[in-house]
Amino acid sequence: MSSGKIPRITNIWSKVVENEDGLLFSRVVIESTGAFQTKVKRQGGKILLEGSGVMANMPLGPVEINDGLIRRVSLDQAGHDRITVAIETEHPAAFDFGVTGELPVRTSVTLERSFITRLFQGKKIVIDPGHGGEDLGGRGPVNLVEKNVVMLIALNLKKLFEQAGAEVILTRQEDQAVSPTERMKAAKDQNACIFVSIHTNIDQNNKVSGAAVLYSSSSRDSAGLAGHVKEELLKKLKLVDRGIRKKKEYGILGSIPAIEVEVVTITNWVEEGLLRSPTVHKKAAEGIFNGVKNYLAGSVRQQEVLV
Ligand SMILES: [Zn+2]
């Protein structure tokens, strides 16, 4: 083969796609100027594609995906005309492989997300958008109010949990006042398995910024849940890490794992600006979703060990 015929890899991207039955899949697509005669194999927690090709103006190093199933994709020039693509997954997943189109040729790997669906199937989750009605919550320097943005994030999160098969209960449907007791009672009465309250941090002195997660001191599992959610939220929003800490007021929830996510610091003008973007609402919800998912995956592992 002359070097002129070696396909050039021009682009790589990934997204979560839905089929006509509403099932979700993670898809990685590699675009190239020709088919690169790929071999596909599974190796540990990775799916490896190997073929002939050269990278054309591609960024070096791994691309972080963090869609809940695919952690990252790494594209490497293995020899002068050899290409490897490594798809690193967080959970086991069956996959399909296909090649379509020309100029660009699209080589795609489609992974099923049933591992995630199994974690959420039959679970009841309470999402609590903070504040509401006359209680505005925090206010940013350009007058964005907390009660409105936490609702937008909550609605994004609700959609993700429902797509994964969970049942979601919102503690308020609209801009209305709800007492803290009523909010928690919703979780208790419905026998929810997780309570997620969404807030922003407020710092009137404008010294701190970033994200934090508070957790119920009355549930043994809350700290673990908070840790997972904080870690995944920061992967999505790249903010200052304000850590996790205990919150006492969740007493009546008893053993239900409960957290309060302070997604950003609304009094910081840069972070208030972020909150105006629908993409940020979506990313925040994805981070919280991924954290809850990892918590559920961890407790499944724990049960397996106990059995
Ligand atoms: Zn708040």
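In listed order, ligands and their atoms are each counted from 1.
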Indicate, with yes or no, if the rings of F289 and F120 have centres closer together than 6.0 Å.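 Yes: the rings meet the under 6.0 Å criterion.
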
Tell me which N, O or S atom from H199 is the closest to the Zn ion (ligand 1).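 Atom name returned: ND1.
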
K185 atom NZ, over 12 foreign heavy atoms within 6.0 Å: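 Atom NZ in K185 is not crowded, with 12 or fewer foreign heavy atoms closer than 6.0 Å.
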
Using 2.8 Å as a strict upper limit, say whether an N, O or S atom of E146 approaches the Zn ion (ligand 1) that closely.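 Of the N, O and S atoms in E146, at least one lies under 2.8 Å from the Zn ion (ligand 1), which means yes.
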
Closest H131 atom to the Zn ion (ligand 1) [N, O or S only]: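 In H131, the N, O or S atom with the shortest distance to the Zn ion (ligand 1) is NE2.
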
Could you grab the distance from atom OG1 of T181 to atom NZ of K188, nearest 0.5 Å is fine? 13.5 Å

For the residue pair V292 and L296, establish whether any side-chain heavy-atom pair is separated by less than 4.5 Å. yes

